[in-house]
2 protein chains.
Amino acid sequence: MPQSRQRADAAALEVAPSAVPSATAPAVPTPPVIPDAPARATLADVAQRAGVSRSTASRGLTGRGYVAPAARERILLAAEELGYVPDGNARSLKARHTPAVGLLVSDLRNRFYAEVAAGASSVLRDEGYTIVLVDDTGSDPEEVAAARTVLAMRVAGVLVTPVSAAVSQLVARHGVPLVEIDRQFCRGECDAVLVDNVTGARELTEHLLGLGHRRIALLVNETGWTTSAGRIKGYHQAWAAAGREVPADGVEAVGFDPDQIEDKVGELLSRRRPPTAVFAANNVVAEAVWRQSARLGLRIPDDLSFVAFDDSPWMSMVSPGITTVAQPSVELGARAARLLLSRMAKPGRPRTTRLDCPLIVRGSTARLGRRRTPVKGSEGVRSAR
Amino acid sequence: MPQSRQRADAAALEVAPSAVPSATAPAVPTPPVIPDAPARATLADVAQRAGVSRSTASRGLTGRGYVAPAARERILLAAEELGYVPDGNARSLKARHTPAVGLLVSDLRNRFYAEVAAGASSVLRDEGYTIVLVDDTGSDPEEVAAARTVLAMRVAGVLVTPVSAAVSQLVARHGVPLVEIDRQFCRGECDAVLVDNVTGARELTEHLLGLGHRRIALLVNETGWTTSAGRIKGYHQAWAAAGREVPADGVEAVGFDPDQIEDKVGELLSRRRPPTAVFAANNVVAEAVWRQSARLGLRIPDDLSFVAFDDSPWMSMVSPGITTVAQPSVELGARAARLLLSRMAKPGRPRTTRLDCPLIVRGSTARLGRRRTPVKGSEGVRSAR
DNA sequence: CTGTTAGCGCCTTCAC
DNA sequence: GTGAAGGCGCTAACAG
């Protein structure tokens, strides 16, 4: 699912080096002029209006400590009349803790990350936590900067789809709980919620091998990427289990740039001796395969069998439907949030959760050589046509 | 694009009524025990280590005010060694202003909202603003609660895909700039960035009328919804321009519940005298139409012409491709963010921006009666088949 | 150039 | 049951 372009080393500097205004002190440009700050009601205002002291007003409002029913009544009324909204900054300052968690994701435009965010969001909202979201474009420096920002807000925890170990290290050093999602860079050091990349990829590959395919191209973004690594491993396992050598040019890295991906995929499919089956390692690559094979007039599954890691809505809407393993993206976010909450409640040994990705066989895969003979299973909604 | 289930009245209470712990004072359950808060470095620590006073340290770090180069050097070094990250809460408290904006959206799982968020995010990040995100599930009470939360954080502004006028009123009363996105509830009262629903819907309808269709069903979630209203209006305009009566049962409300939508759509298409063309008012409804027509064995465009408001990736991947108008969702978020920034910089008369939705003709629409004769234009990537 | 002073808004002992 | 006092961490005068 990565959509990022770098994975730079875990520089993890606490503050940016050298003399530049430095990240430590975000070079506050100029105190942003508050247009006409209409003096918001403060606790003192409420207290005064209710004819009590600030401390009593505070107790009345928070419901902690003793307050005479009558006084409480007046306080609540006063607050309502004034449109009083307590200042979270002041509260957090006092409490040395903010009821918020940082959520650092690589790319909200990618369905996968958006769903992870949605899953985390719903759990955290239910528990009364606010989310500070940063779409860090999958860039390492951006992600570290984002981490620093949420650290500055004194968030209670951090969720991240990491791009390097830098974020986790930085956050850990500040004693703030963190859960890595989807990718893992500090195994054993901090919590993580991942999918079972190996098994999913193995099943997909076995499926193709079982259909007689031998020229199976696995297309990943970058071979060094952690999710890719797992998928490549599964791919290898399947070959090994079948007692066969992994083809030399079996794994291809197509990069992260959309245009480049299209080009590479087009090139691959146009070779003199093209693969008979393609395995796209994620939804972005899968889309490129689908478009390019169409452009080249390749019929699926007749001319080319096609499987993908990470089920996307379109894969069940096109015809034939695409055979995939589905990543439980929403659940991934939700589980990560729950794990974070429990870690915030009490420290403990880091735990890694791995979620299953069910195989979904559709019509995009067929036995090699036998033309126009889709395999068992559903075909995508339009197969009727 | 709405995905929500309510639009309740603009209750907009400042605080929740009655005696309940009340929203004003979020019934702080119990001061969340900070596990083992490892005393984070504070400005005083940095100052001490650098052998200067706190104010000097502050100046050195922020780069405001005079500081001897040598001292500055020591301060920066000390900060780095201590892993000092300034406390945003304290800063905000002092500054009476937080460099963050609240982003309240209805449903991150819906591609449309996720892209709006992505667009806004990128602009705001570039300007140094953090995003406090709330996925409010399109519920009015949730949205108001979310607004209160971000207000409490003293955000500098708010972006919202509103579900009622409540949020805007609440936020406005606190003198915080707000921009409504996609839907508009306080026309003339606050800024908004919308799409041109009327024109897009008119073009789509005209396209169908031009192909000879007369039984054209427009499927919306709820007729009372503001985006639906615009689309319905455009639909009406097209009929009027053609000098024809709008069919009595032309507009159907299918609700927000996914299952219910499927049912209603299935029922519609199974009628004895079904429409010859369907106009889905958004991507969610469109998906239901696509699936149901497949289930019923209807051929598109032979048996049924099909258009949709809001282009989704799958619409250009299926065959035939779906004729749509594309909402510039990312741009919507970006423009809203820019408008908010300018409003934060200086107040002014509320402005409403309306973005165009280009018509994209693909293969899902054909002349009535003439079978298997797709219209001009592209056909979706798989048409080659 | 640097330190002292004061206070942002809130909460929380601790007396009364 | 209630108020007075102090301080969370930081910054902005204002002296020196």
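Within every chain, numbering begins at 1; the chains are lettered A, B, ... in the order of the sequence lines, protein sequences first and strands thereafter. Computed from heavy atoms alone, side chains included, the values below leave out hydrogens, waters and symmetry copies. None of the values given here were measured: they were computed from a predicted structure.
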Open item on the list: So, OP1 or OP2 of dT12(C): does either fall under 4.0 Å of a side-chain N or O from Arg64(A)?
Closed with: yes
Task: salt bridge (charged side-chain N to carboxylate O under 4.0 Å, His left out) partners for Asp87(B), two or more places apart - done: Arg154(A)
Task: salt bridge (charged side-chain N to carboxylate O under 4.0 Å, His left out) involving Arg74(A) - partner list, sequence neighbours excluded - done: none
[X]: which residues meet the side chain to side chain donor-acceptor pair (under 3.5 Å) condition with it, sequence neighbours left out?
X	value
Thr56(B)	Ser53(B), Arg59(B)
Arg54(A)	none
Glu127(B)	none

Open item on the list: From CZ of Arg74(B) over to P of dT2(C), roughly how many Å is that when rounded to an integer?
Closed with: 8 Å
Task: Between dA15(D) (C1') and Tyr66(B) (OH): distance, integer Å - done: 16 Å
TODO: Could you encode protein contacts along nucleotides 3-10 of chain D as a string, one character per nucleotide from 5' to 3', using B for base contact, S for sugar-phosphate-only contact and - for no contact, with a heavy-atom cut-off of under 4.0 Å?
DONE: BB-BBBBB
